[in-house]
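What you see below is based on every heavy atom in this structure, not just the backbone, and it leaves out hydrogens, waters and symmetry mates. Here is how names work: the chains are called A, B, and so on, in the same order as the sequence lines, proteins then strands, and each is numbered from 1.
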There are 2 protein chains.
Amino acid sequence: MTYAQFSRRARLSRRDLCRRILEGHRDSIKTKKEPTAVKNLELIFDATLKVANAKGFQAMTMRDLSQASGLSMGALYAYFSSKEELLEMVQSTGREVTGRLLREGFEEVRDPVERLATAIRTHVFLSEAMQPWFFFSYMEARHLGKRQKELAKQSELATEKMFADVIRAGQTQGVFNGHDPDLTAALIKAMLQDWYLKRWKYAARRLAVDAYAEMVVKMVMAFCLPVGAVATVSGEKKR
Amino acid sequence: MTYAQFSRRARLSRRDLCRRILEGHRDSIKTKKEPTAVKNLELIFDATLKVANAKGFQAMTMRDLSQASGLSMGALYAYFSSKEELLEMVQSTGREVTGRLLREGFEEVRDPVERLATAIRTHVFLSEAMQPWFFFSYMEARHLGKRQKELAKQSELATEKMFADVIRAGQTQGVFNGHDPDLTAALIKAMLQDWYLKRWKYAARRLAVDAYAEMVVKMVMAFCLPVGAVATVSGEKKR
DNA sequence: GTCTATAGTGCGATAGAC
DNA sequence: GTCTATCGCACTATAGAC
């Protein structure tokens, strides 16, 4: 799988995302006309991610957001009741989409090695397609309330468990060696996060998303496969 | 090298750190009596890291800081002229200490494999000893001014180049395989960062700092050493 | 459904007493 | 060298016009 193939399949346009958000907040959003609401939500989320990812959510004022989105302050408050609720909307939407696409991403792949590689690629590609969301979720998680912060942690652990389970299954089948699956998953996640957190670094090096994904796959396989088996995994098996 | 050995050698008490800060800001700090100034700087930095790492530097008010440090707002402003200057003081101090200790950490080790392993261990141990500083530097870097932000990026790239150079030297000697040294260094750094950024995760798993360091070393060696050579690096060579 | 204008709050920073 | 009291400002959120 390449990033181009992933993009075609996932089809996560901002438009669709905003329609989903609208459905989830029908009762709290005051604007009832769907096309208007979806269009404005798109403006709001684009502006929020743009401004907040540059200077931080706390530092972003409602005036900033008003200017960046083109909506007046009054209009903004038709879509959320407080700045904190806006924060939670962005976070929960990101979490929901991520969880769904990640699970869909590799469920049909059965071979443990390909399954692990596909999980890694899917995560990198997903974080590439939704980079502003991932960056925002990571950096602003600690500004959430207690309840929402707990949800964010659970979501992170769930993603990690997904990787750990793939590794455990491979160990049971005798394909992977005996390194601690949970800790291995944690290290994998750390490498995956760097791609969307330190974008400036990889942009400066002109490193493509596909190359990054393959590098992580190689590193993980070198670690998880028994000595001697590594050479056989440089490419994909199928096709 | 273990964390206990590292701690004994590095001796980076907060007291020494604050004395160093005082020396660097003698002219801008209004309190001239050294013992008082050092004691208060210690209170200020402890409080800043504690509050800011919990809720973010922007969200921390001067009143929060006053309460947490036990100093009045007026007294605080004897040590810095604005909240922004406080931010820069914390950042630049962290950068300076990190750079120095990291370079000292492995300069005497010559064997490429041990050199890379020592560099990794030193970074993990250093980030453990100064966890609040590392966390703060990472999370608050984007709230810096343009000039300071550039310095922070340079510092990150310098650390990465250090790892890349160790790998390059090992490749020249024929000890490491041919994987891109710069990208490998970036992945190493990503794994090292997780230790001080996601402390709650590793604390919950009761994972010790030594175990984490060894796991990263193993992963990196599995990747960098030619197939077949991996089994020989499970422990340290000397002693 | 969206705008402008503003009320009310809480911030960073300082002046002057001790 | 430090404290208390307060200034001026910029913020979030809302009320009422259109």
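Tested against B/L65, the residues B/L86, B/L71, B/V51 include a single side chain to side chain contact (heavy atoms under 4.5 Å, CB included) partner, B/L86.
Counting 5' to 3', DNA chain C first comes under 4.0 angstrom of a heavy atom of chain B and last does so at the ends given by C/dC11 to C/dT14.
In this structure, A/T61 and A/G74 both approach DNA chain D, and ranking their closest nucleotides by distance from the 5' end singles out A/T61.
Within the 4.5 Å cutoff, the side chain of A/V124 has no heavy atoms near those of the A/Y3 side chain. Considering only heavy atoms from C-beta on, B/K198 comes within 4.5 Å of A/Q193 through its side chain.
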Atom pairs and distances, side-chain donor-acceptor, residues 16-29 of chain B, under 3.5 Å, sequence neighbours left out:
| from | atom 1 | to | atom 2 | distance (Å) |
| --- | --- | --- | --- | --- |
| B/D16 | OD2 | B/S13 | OG | 3.1 |
| B/R19 | NE | B/E34 | OE2 | 3.4 |
| B/H25 | ND1 | B/I21 | O | 3.1 |
| B/R26 | NH2 | B/E34 | OE1 | 3.0 |
| B/S28 | OG | B/H25 | O | 3.3 |

Show me the donor-acceptor pairs within less than 3.5 Å that the side chains of residues 129-138 of chain B make with the rest of the protein, sequence neighbours left out.
| from | atom 1 | to | atom 2 | distance (Å) |
| --- | --- | --- | --- | --- |
| B/Q131 | NE2 | B/Y196 | O | 2.9 |
| B/S137 | OG | B/W133 | O | 3.0 |

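The nearest whole Å value for the distance from the CZ atom in B/R63 to the C1' atom in D/dA5 is 11 Å. Between the C1' atom of D/dT12 and the CD atom of A/E85 lies a distance of 14 Å, rounded to the nearest Å. The CZ atom of A/F57 sits 14 Å away from the P atom of D/dC11 (whole-angstrom rounding). Summarising the geometry, the separation between CD on B/Q58 and P on D/dT12 is reported as 12 Å, rounded to the nearest angstrom. In this entry the distance linking CE of A/M73 with C1' of D/dT14 reads 9 Å, nearest Å. Regarding A/K55, its NZ atom lies at a distance of 13 Å from the P atom of D/dA10, rounded to whole Å.
Ion pairing between B/E108 and B/R9 fails under the 4.0 Å rule for side-chain N and carboxylate O.
Scanning for side chain to side chain donor-acceptor pair (under 3.5 Å) contacts around A/E42 gives A/R15, with sequence neighbours left out.
Residue contacts for A/F80: at a heavy-atom cut-off of 4.0 Å it reaches no nucleic acid atom on any strand shown. Among the protein residues, B/S72 comes within range of the nucleic acid bases, having at least one heavy atom under 4.0 Å from a base atom.
Closest heavy-atom contact between A/A186 and B/D194: O-OD2, 4.0 Å.
Using a 30° and 60° split on the angle between ring planes, A/Y202 and A/Y212 fall in the perpendicular class, above 60°.
At D/dT14, none of the side-chain N or O atoms of A/Y77 fall inside 4.0 Å of OP1 or OP2 (strictly under the cut-off).
Annotation: proximity of residues 18-34 of chain A to DNA chain C (heavy atom, distance under 4.0 Å) is found for A/K30, A/T31, A/K32, A/K33, numbered in ascending order. Contact check of residues 38-47 of chain B against DNA chain D (heavy atom, cut-off under 4.0 Å) returns B/N40.
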Practice item. Using the side chain to side chain contact (heavy atoms under 4.5 Å, CB included) rule, take A/F45 and A/M89 through it: C-alpha gap first, then chi angles, then the decisive distance, then the call. Key: CA-CA 9 Å; A/F45 282 90; A/M89 277 169 80; 3.9 Å; yes

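With hydrogens and angles ignored, the 3.5 Å screen pairs no side-chain donor or acceptor of B/K189 with any backbone N or O of B/L157.
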